[in-house]
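Scope of the values below: all heavy atoms of this structure, side chains included, with no hydrogens, waters or symmetry mates. Naming convention: chains lettered A, B, ... in sequence-line order (proteins, then strands); numbering from 1 in each chain. Worth saying up front: this structure is predicted, and the values here are computed from it rather than measured.
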Amino acid sequence: MAAFENNMTESTNGQQVLPVLRPFTFVGRTIMDWINSMGAATIFLCLALLRTLGRKQLFKTVQQTYFIGARSITIIMLVSLFTGMVLGLQSYHALLKFGAAGAVGSLVSLSLIMELGPVLTAIMITARAGSAITAEIGVQRISEQIDALSTMRINPIRYLISPKISASIISFPLLTAVFDLVGILGGYVSAVVLLGLNGGVYLHSIKTYVEMSDIINGFTKSIVFAVIVATVCCYQGYFAHMRRDSHGAQAVGLATTSAVVTSCVLILVSDYVVTSLMV
Amino acid sequence: MNTPLIEFRNVTKRFGTKTVLENVNLQIYEGQITTIIGLSGSGKSVMLKHIIGLIQPDEGTIFFQGKPITEMKKSEINEAFGQISYMFQGNALLDSLTVYDNIALPLRETTNLKKTEIDRRVMARVEQTELTEAIHKYPAELSGGMQKRAALARALITDPQIVLFDEPTTGQDPVRKNAILSMIAQYQRKFNFTAVLVSHEIPDVYFISNRILALYDRQIVFQGTPEELENFEHPFMDEVISSLEALQKELTGLFSKRQFVMLNHLQLKRRKVGESYCVVVFSLNELTAIYTKVGHDAAQEALRNMGLYIDKHFGDIGGFSTRRSSNEIITMLPYSNLAETESIIDDFVSDFQRQVLPAIGTGACKMAAGESVEFNIVAGIAEGQSTTDLDSVIALAKSQQKEIGRFNCAAGE
């Protein structure tokens with residue numbers, strides 16, 4: 001019996017486990033943590049959505065829309081221009097082999113509208129604004145600014161989180177539209193201006209093959225991504241003080257990294273889920 | 001006594017396996033300044049955060065106006081907590097907002113007041129806390145003292161009934177520490193709120209506190225007046241109070257009241273029956289008016305300089321001094337009779353008027369902006385014997401006070 005007890009090791013929650021069971025314990029705990037986090041984040045999102053409306057929220061939402069949306073336009077245009085140009089270049093040479101170079105416009109536009117536009121826009125905003133949101137809220141958390149709001153009877157979720165989620169839901173589709181348009185323009189530049197494809201053919205192919213449902217699907221994805229990115233980034237910052245792996249400024253840094261990585265992974269996972277539901 | 005405004009009954013709080021508070025019982029009464037003292041990390045801030053609901057107890061009950069918070073409706077809890085303001089140890093000013101916006105924030109977010117009314121109230125607080133020049137600055141651009149004042153202004157902007165101060169003097173120099181404490185006392189009298197402080201500033205905090213709570217070894221070991229604490233026999237006094245008093249002596253040169261009384265006993269034991277000693281009571285009159293005109297910082301600087309000079313002058317001849325209240329310093333001359341003391345005081349007054357008073361006045365007058373501010377310093381002497389009660393000698397000295405110096409800022413003399 002004593003030998004059996006000696007072989008036991010203590011897990012982090014104080015329970016005794018056999019060494020052979022430790023990997024299972026680790027996997028189980030990780031999965032439980034994930035499920036807990038998902039549940040908490042969903043409640044967090046619901047609380048924030050319930051507090052989006054109100055006269056006092058309008059100005060804060062406009063401010064956040066400016067930060068998340070307007071100030072991301074330059075980087076979105078730059079990325080989308082080159083994405084469209086690369087798409088135009090690659091698809092022109094590929095389709096030329098099949099004598100279908102006239103379909104470049106539709107390939108570029110459909111790729112951008114249905115897939116690349118929403119996904120790349122979401123990833124770019126995560127990198128630019130999402131990381132900043134996590135860091136800002138994380139610093140406010142560890143410096144007790146969020147506690148200070150509570151003591152002033154100001155709901156921190158209403159004051160800090162709801163405007164950011166509203167602004168994301170407004171900004172993501174608009175930036176996706178900008179990405180799509182500039183990307184199509186980039187495709188035009190590479191296929192028509194640089195490679196000599198007929199401009200009318202390029203535009204006609206877009207008009208013929210792109211349908212309203214494709215555009216709606218693209219925007220639906222962008223709204224889903226907006227909710228995911230805003231929730232993950234705000235949640236990571238808001239609970240930066242509860243991280244078990246670090247404290248203080250280091251916790252804010254790790255929370256920011258987690259927010260960006262988790263957002264990017266969830267964007268791609270949800271992209272598949274939403275696409276499979278729409279096809 | 002009345003029903004306590006806030007009461008803890010057997011409150012226990014644990015963080016993981018560490019118990020921070022264990023069966024804590026305390027009462028906080030309306031309209032008083034209650035100060036919680038204890039060693040760093042003993043759970044004072046945790047206790048304060050329980051009061052405002054930032055932390056919930058694991059066991060025990062917290063009562064608000066005699067009613068358990070756990071049995072209150074949500075609207076009642078909101079109403080109760082709506083009366084409380086909290087001034088954080090690190091100020092917790094929102095760093096993306098200016099000083100003005102920080103102070104205006106509670107009014108903007110929790111009331112439907114018009115912009116002009118909010119502006120009026122904010123500017124009134126800004127002026128009271130001497131922040132007029134800093135309203136458009138961000139917290140990072142302010143000094144520590146100004147940040148404290150901004151946090152104080154924000155805490156008071158909603159006219160709260162209860163204000164909780166979590167170590168309001170941390171990181172301040174001795175003069176500014178006293179300035180902040182006197183500011184709290186002044187506002188408490190002016191706005192009549194209930195104040196709960198966490199502070200280490202012994203004995204200065206005694207001068208402004210009605211009640212002291214001592215937190216030691218996870219429990220409240222003392223509740224009572226500062227005077228009652230002086231006679232409290234407990235390891236807390238040796239471990240906590242003595243170390244804090246030693247630090248204070250190092251910083252200001254003056255003994256604490258407790259040390260003063262102990263020194264006095266020691267001196268009297270050595271004296272024969274019939275041998276006399278003398279007590280001198282110095283006071284700076286009209287301190288509140290001075291605060292209003294030159295600010296708390298300058299007034300405290302003047303008091304500190306006065307204390308340092310008194311300590312130096314009388315320390316050289318075997319005397320020892322303590323601050324008895326915010327504007328009073330008592331000096332004990334254990335080996336002097338009345339005639340000798342009068343002669344010593346004459347020398348002191350002559351030096352004080354020639355060297356010290358102009359320096360004190362000129363320093364403080366820089367803040368007076370040309371206003372007429374009068375520094376009126378009085379002193380009284382009384383003789384006692386080993387059998388005489390010290391308090392009655394002090395009272396007698398106080399009743400015999402007469403002016404030893406006067407300085408007027410506007411006149412410059």
- Query: Strictly under 6.0 Å, is that where the ring centroids of Y235(A) and F44(A) end up?
  - Reply: yes
- Message: Keeping S80(A) on the side-chain end and M77(A) on the backbone end, is there a donor-acceptor pair under 3.5 Å?
- Response: yes
- Message: If you count heavy-atom pairs within less than 4.5 Å of chain B, which of E144(A), R55(A), R158(A), Q140(A) leads?
- Response: E144(A)
- Query: Going through the checks in order, is the side chain to side chain contact (heavy atoms under 4.5 Å, CB included) test met by Y29(B) and T34(B)?
  - Reply: CA-CA 8 Å; Y29(B) 293 96; T34(B) 304; over 6 Å; no
- Side chain from CB out, backbone as N, CA, C, O: work out which of these in I146(A) comes under 4.5 Å of a heavy atom of chain B, or both, or neither. neither
- Do you know which of S96(B), A155(B), A92(B) has the most heavy-atom pairs under 4.5 Å to chain A? A92(B)
- Task: Establish, for the pair K13(B) and F15(B), whether the NZ or CZ atom is under 6.0 angstrom from the six-membered ring centre and no further than 45 degrees off its axis.
- Result: yes
- Query: Under 3.5 Å, side chain of R211(B) to main-chain N/O of Q27(B), donor-acceptor pair present?
  - Reply: yes
- Examine distances only and state if a side-chain atom of T98(B) and a backbone atom of K137(B) form a donor-acceptor pair shorter than 3.5 Å. no
Name the atoms and distances for all side-chain donor-acceptor pairs under 3.5 Å in residues 120-137 of chain A, with sequence neighbours left out.
residue, atom, partner, partner atom, Å
T121(A), OG1, G117(A), O, 2.5
T126(A), OG1, A122(A), O, 2.7
R128(A), NE, S72(A), OG, 2.8
R128(A), NH2, F67(A), O, 2.4
R128(A), NH2, S72(A), OG, 3.4
S131(A), OG, A127(A), O, 2.7
T134(A), OG1, G130(A), O, 3.1
T134(A), OG1, C233(A), O, 3.0

- Query: Given a strict heavy-atom distance threshold of 4.5 Å, which part of R154(B) is in contact with chain A: side chain, backbone, both, or neither?
  - Reply: side chain
- Contacts of residues 46-72 of chain B with chain A (heavy atom under 4.5 Å): K49(B), I52(B), L54(B)
- Message: If the condition is ring pair (Phe, Tyr, Trp, His ring centres under 6.0 Å), which residues does F8(B) pass it with, not counting sequence neighbours?
- Response: none
- Message: Just so I understand: if I count every heavy-atom pair under 4.5 Å between each of L93(B), N78(B), T158(B) and chain A, which residue has the most?
- Response: L93(B)
- Query: E22(B): what forms a salt bridge (Lys or Arg N to Asp or Glu O under 4.0 Å) with it, not counting sequence neighbours?
  - Reply: R218(B)
- Where on N91(B) is there a heavy atom nearer than 4.5 Å to chain A: the side chain, the backbone, both, or neither? neither
